[in-house]
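Every heavy atom of this structure was used, including side-chain atoms; hydrogens, water molecules and symmetry mates were not.
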Amino acid sequence: MARALVQLWAICMLRVALATVYFQEEFLDGEHWRNRWLQSTNDSRFGHFRLSSGKFYGHKEKDKGLQTTQNGRFYAISARFKPFSNKGKTLVIQYTVKHEQKMDCGGGYIKVFPADIDQKNLNGKSQYYIMFGPDICGFDIKKVHVILHFKNKYHENKKLIRCKVDGFTHLYTLILRPDLSYDVKIDGQSIESGSIEYDWNLTSLKKETSPAESKDWEQTKDNKAQDWEKHFLDASTSKQSDWNGDLDGDWPAPMLQKPPYQDGLKPEGIHKDVWLHRKMKNTDYLTQYDLSEFENIGAIGLELWQVRSGTIFDNFLITDDEEYADNFGKATWGETKGPEREMDAIQAKEEMKKAREEEEEELLSGKINRHEHYFNQFHRRNEL
């Protein structure tokens, strides 16, 4: 048993060693966070952040994060890291967000920027690669944004992904894979997944078929059909004695029964769209249409608006390893989510108890005041 545990531990350590962590922030060193995060000075009216674990939490120190502090403000702050490209690699972006103020209208999303971002002038017009996270406003907007920058335009996932709207801390995870699949998770559970190409309406941006490719397709189709037919000629038969080649043409040898073509192809050849898709996929299709690849990722930040402040952002992570992100989420949010709810429940009971006591005191005070009023009225009548 002990040996098995040691082996498991060794495998876990190897997995961690293989993961590349581009950025990780837990705010565990107090006010030193100000050395890593830079507030934008683009607008003097931008709201300010403070380090806080909020009014209720699972662990006072571990749950400290960047908290918005002023109502009705825009916010803009960012942190740099060593630039990297996710070309050919999985990209995982993860963080926790807590709308302690019970968000009525405002953003809780993050943005990933290119390395040349001007942090001091960060604002709503600053170019970003990825925007991800919850956005809430009234009854209509309660969604998770997943916006990708591609071909100088921003493209948003066409699916409506619902976000959490309570006042607790939640773990948000975005996974973009090199095979153009993606996954959006909340609290470790997948809530949406699919194809980046189709769920971002990017199919119209495919490379158009050139005349050379169309000609190539027709030739390949003919060759495939001819080769297919040759495989099923009945070689055991001979030409009829009265067959005249000059008058009747080539002898049509009887065909054996043709089984369905393997690999999904029809006997008469390959379907054109299927063939073109395979041809491009096997050459440079994904290279030219790298819908989720970014060459110069170098910063992460918060650029958003909030009507009521109080949101806390924490446990930022950018990595190429899904398992590492999963374990990091369990070690942070996973450890404090339960105690956080317990503390909130205790505070709620205490507040209800206090409210009842105050109400009883007011009622009692009201009864005393009424008695005093009647007593005074009685004595005044007797004096008259």
Side-chain angles (χ1 to χ4, degrees), residues 23-40 46-79 93-112 122 131-137 142 144-145 163-174 185-188 300-318 325 328-348:
F23 181 78
Q24 184 169 306
E25 176 66 88
E26 300 177 68
F27 303 102
L28 298 177
D29 58 352
E31 290 302 309
H32 290 290
W33 70 271
R34 298 183 184 277
N35 298 327
R36 299 185 297 275
W37 291 78
L38 183 64
Q39 174 92 27
S40 174
F46 278 164
H48 293 280
F49 292 89
R50 67 182 176 189
L51 196 65
S52 175
S53 52
K55 298 176 182 178
F56 59 94
Y57 42 80
H59 189 284
K60 188 174 183 179
E61 297 303 319
K62 290 183 179 180
D63 284 350
K64 284 184 176 180
L66 294 181
Q67 184 179 41
T68 55
T69 62
Q70 296 165 281
N71 296 337
R73 296 292 184 96
F74 283 99
Y75 291 85
I77 193 170
S78 61
I93 300 170
Q94 183 171 280
Y95 72 110
T96 57
V97 59
K98 174 187 180 185
H99 293 312
E100 187 174 83
Q101 75 279 36
K102 301 290 181 66
M103 176 68 76
D104 51 356
C105 188
Y109 43 80
I110 62 174
K111 291 183 177 180
V112 175
L122 179 64
M131 175 173 156
F132 169 61
D135 191 14
I136 300 171
C137 197
K142 297 177 182 178
V144 177
H145 284 295
C163 66
K164 298 291 184 179
V165 296
D166 56 47
F168 298 108
T169 301
H170 292 286
L171 180 70
Y172 284 82
T173 307
L174 171 64
K185 296 182 178 181
I186 298 181
D187 298 344
I300 188 171
L302 304 168
E303 190 284 309
L304 44 84
W305 160 268
Q306 291 194 340
V307 173
R308 282 198 296 164
S309 64
T311 301
I312 299 175
F313 300 86
D314 194 10
N315 302 311
F316 295 90
L317 175 68
I318 302 179
F328 180 72
K330 291 176 181 177
T332 52
W333 171 83
E335 291 293 324
T336 61
K337 62 174 181 175
E340 178 188 75
R341 290 177 179 264
E342 292 173 4
M343 184 174 185
D344 177 66
I346 292 173
Q347 288 183 354

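- If you take CG on Leu317 and CD on Glu25, they are separated by 11.5 Å, rounding to the nearest 0.5 Å.
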Practice item. Could you please spell out the steps behind the side-chain hydrogen bond (donor to acceptor under 3.5 Å, both in side chains) verdict for Ser53 and Glu61? Key: CA-CA 7 Å; Ser53 52; Glu61 297 303 319; over 6 Å; no
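- Arg308 places a side-chain N or O within 3.5 Å of a backbone atom of Lys102 that can act as its donor or acceptor partner.
- Pairing each heavy atom of Lys64 with each of Asp314, the nearest pair is O-OD2, 3.1 Å.
- Atom-to-atom distance recorded for Asp63:CG and Lys337:NZ is 13.0 Å, nearest 0.5 angstrom.
- The backbone N or O of Gln94 sits nowhere less than 3.5 Å from a side-chain atom of Thr173 that would complete a donor-acceptor pair.
- For the residue pair Glu26/Thr332, the side-chain donor-acceptor check at 3.5 Å is not satisfied.
- When side chains are defined from C-beta on, Val97 does not count as touching Met103, because their heavy atoms never get closer than 4.5 Å.
- One finds the OH atom of Tyr109 at 4.0 Å from the CE atom of Met131 (value rounded to the nearest 0.5 Å).
- Ion pair Lys62/Glu335 not flagged as a salt bridge, since none of the NZ, NE, NH1 or NH2 atoms sits closer than 4.0 Å to an Asp/Glu carboxylate oxygen.
- The minimum heavy-atom distance between Ile300 and Phe23, with the atom names listed, is CG2-CE2, 3.6 Å.
- Without hydrogens or angle criteria, Gln306 side chain to Gly107 main chain gives a donor-acceptor distance under 3.5 Å.
- Panel note: side chain Gln347, backbone Lys55; a donor-acceptor pair is recorded below 3.5 Å.
- Atom CD in Gln101 sits 8.5 Å away from atom CG in Asn71 (nearest 0.5 Å).
- Listed for the Gln67 side chain is a donor-acceptor partner under 3.5 Å among the backbone atoms of Gly310.
- Note that NE2 of His99 and SG of Cys163 are 6.5 Å apart. Values are rounded to the nearest 0.5 Å.
- Residues Trp33 and Ile77 share a closest heavy-atom pair of CZ3-CD1, 3.8 Å.
- Trp333 places a side-chain heavy atom less than 4.5 Å from the side chain of Asp187.
- No cation-pi contact links Lys98 to Tyr57, judged by a cut-off of 6.0 Å to the six-membered ring centre and 45° from its axis.
- Under the 4.5 Å side-chain criterion, counting only non-hydrogen atoms from C-beta, His48 is not in contact with Arg73.
- Side-chain contact between Ile312 and Thr169: absent, with no pair of heavy atoms (C-beta onward) separated by less than 4.5 Å.
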Practice item. Walk me through it: do Trp37 and Phe316 pass the test ring pair (Phe, Tyr, Trp, His ring centres under 6.0 Å)? Key: CA-CA 12 Å; Trp37 291 78; Phe316 295 90; 5.2 Å; yes
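- Side-chain atoms of Ser40 come within 3.5 Å of backbone N or O of Leu122 as a donor-acceptor pair.
- The shortest non-hydrogen separation linking Tyr172 to Lys164 is OH-N, 3.2 Å.
- Here the side chains of Tyr95 and Leu302 are not in contact, with every heavy-atom distance at 4.5 Å or above.
- Shortest non-hydrogen contact noted between Gly65 and Phe27 is CA-CD1, 3.9 Å.
- Of the possible donor and acceptor atoms, none in the side chain of Thr69 sits under 3.5 Å from a partner among the backbone N and O of Phe49.
- For the atom pair CG (Leu171) and NZ (Lys330), the distance works out to 11.0 Å, reported to the nearest 0.5 Å.
- Nearest heavy-atom pair across Gly167 and Phe56 is O-CZ, 3.4 Å.
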